[in-house]
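Single-structure report; data block below.
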Amino acid sequence: MSEAGAVASGTSTAGRGGRPRYAYLGPAGTFTEAALRQVVTPDEAEYLPQTDVGAAIEAVRSGDADFAVVAIESTVEGGVTATLDSLAGGAPLVLLREVLVPVQFTLAGAPGVALSDVRRISAHPHAWVQCRRWLAHHLPGVVHVPATSNTAPAALLARRAADGEPVELGFDAALVPPAAVETYGLVPLAEHVADNPSAVTRFVVVGHPGQVPAPTGADKTTLVVHLPDNEAGALLAMLEQFAVRGVNLSRIESRPIGDALGRYSFSIDAEGHITDERVGEAIMGLHRRCPHVRFLGSYPRADAVAPTVHVGTADADFVGARDWLRAVREGSAT
Ligand SMILES: O=C(O)C(=O)C[C@]1(C(=O)O)C=C[C@@H](O)C=C1
């Protein structure tokens with residue numbers, strides 16, 4: 001088991017055979033499964049495919065799974081809203097690890113189909129936007145048939161071939177992860193399909209709150225923050241909590257809270273670990289100023305890039321300043 005697989009399974013209640021249970025977006029062969037394989041192998045864990053991201057996260061809340069692996073951000077679409085919204089509400093869960101997966105697609109069909117036959121393509125909505133320009137250029141006018149995952153249409157094509165029945169599926173081909181072509185016995189019609197050849201999707205391991213993974217020096221902290229209502233400059237004031245302490249943000253997105261128009265929640269990735277003085281101080285500032293702050297975890301960055309520490313924002317600077325203040329209050333400052 002990899003190091004972070006061990007971290008993730010450390011809090012596990014474990015399923016059959018004592019192996020931790022991981023819920024993820026299936027069926028087999030999704031990019032999410034490729035991310036899960038980076039965390040823990042199928043020999044070490046029970047893989048529990050789900051029909052959508054919300055179901056994977058709820059499986060952890062209900063106790064049907066110990067962990068979930070879900071997409072949270074892509075270079076093309078930004079935040080995965082289903083994941084952000086599921087984590088923002090409901091019983092608190094935390095992120096334990098992140099994993100990056102390069103994303104390119106193969107356009108595939110059942111044996112016998114040619115590229116010139118393709119009029120309707122089944123694809124996950126995120127796959128479709130990642131290939132829009134390629135499709136407009138090579139298959140102008142082709143119709144999008146939305147799918148629940150990148151391998152759901154592949155599984156339908158394979159089942160129809162296995163049943164030997166001429167069932168009308170409503171599509172001629174599908175955008176699938178390259179490895180799924182062989183898994184589902186499909187034929188490739190076009191390979192390396194992607195508008196951005198360096199597209200990457202970021203996945204996270206979700207678990208129950210418990211011991212926070214130890215700081216590595218290259219960490220990320222994810223938060224959900226609500227702002228005070230009707231307060232001019234509330235967003236600026238929230239951002240200043242990070243800025244004045246030298247904490248860089250790698251992602252900030254607004255999502256509707258859902259109870260009234262104009263009410264938004266902010267989903268934030270900050271560089272650093274909650275045990276870093278500057279991050280802890282910034283989160284305390286949010287707690288003082290904002291009506292709702294949810295800590296979604298501190299975990300190692302997949303790219304292992306350490307943050308730039310600006311003058312006066314190292315741990316020693318905060319500790320030294322606190323010691324000095326204590327001495328001033330006690331009348332013993334020199
Ligand atoms: O894991 C998969 O294969 C998925 O279908 C999900 C998902 C996503 O939710 O973003 C994963 C990677 C790609 O960015 C497109 C779709």
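Heavy atoms only: backbone and side chains are in, while hydrogens, waters and symmetry mates are out. Position 1 is the first residue of the sequence, and the numbers go up from there. Not measured: the values here are computed from a predicted model. Counting convention: from 1, in listed order, for ligands and their atoms alike.
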Ring center gap for Tyr24 and Phe31 short of 6.0 angstrom: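 Ring centres of Phe31 and Tyr24 not closer than 6.0 Å.
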Distance flag, aromatic centroids of Trp128 and His124, threshold under 6.0 Å: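 No, ring centres 6.0 Å or more apart.
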Residue-level breakdown please: for [X] versus ligand 1, do any non-hydrogen atoms fall below 4.0 Å on the side chain, on the backbone, on both, or on neither?
{"X": "Glu77", "value": "neither"}
{"X": "Leu25", "value": "side chain"}
{"X": "Thr30", "value": "both"}

Thr222/Tyr299 under side chain to side chain donor-acceptor pair (under 3.5 Å): CA gap, chis, key distance, verdict: CA-CA 9 Å; Thr222 300; Tyr299 48 91; 2.7 Å; yes
Please write down residue, atom name and distance for the protein heavy atom closest to [atom].
{"atom": "atom 12 (C) of ligand 1", "value": "Thr201 OG1, 3.7 Å"}
{"atom": "atom 7 (C) of ligand 1", "value": "Asn150 ND2, 4.0 Å"}
{"atom": "atom 1 (O) of ligand 1", "value": "Thr32 OG1, 2.5 Å"}
{"atom": "atom 9 (O) of ligand 1", "value": "His126 ND1, 3.2 Å"}

Any N or O of Ala71 closer than 3.5 Å to N or O of ligand 1: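 No, Ala71 has no N/O under 3.5 Å of an N/O on ligand 1.
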Within 6.0 Å of CZ in Arg159, more than 12 heavy atoms from elsewhere: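 Counting other residues, nucleotides and ligands, CZ of Arg159 stays at 12 neighbours or fewer.
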Residues, nucleotides or ligands: over 12 heavy atoms within 6.0 Å of Asp229 CG: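 Yes.
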Proximity flag Gln130 to ligand 1, non-hydrogen atoms under 4.0 Å: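 Gln130 counts as a contact of ligand 1 under the 4.0 Å cut-off.
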CA sep, side-chain torsions, deciding dist, call: Ser198, Asn196, side chain to side chain donor-acceptor pair (under 3.5 Å): CA-CA 5 Å; Ser198 45; Asn196 172 2; 3.0 Å; yes
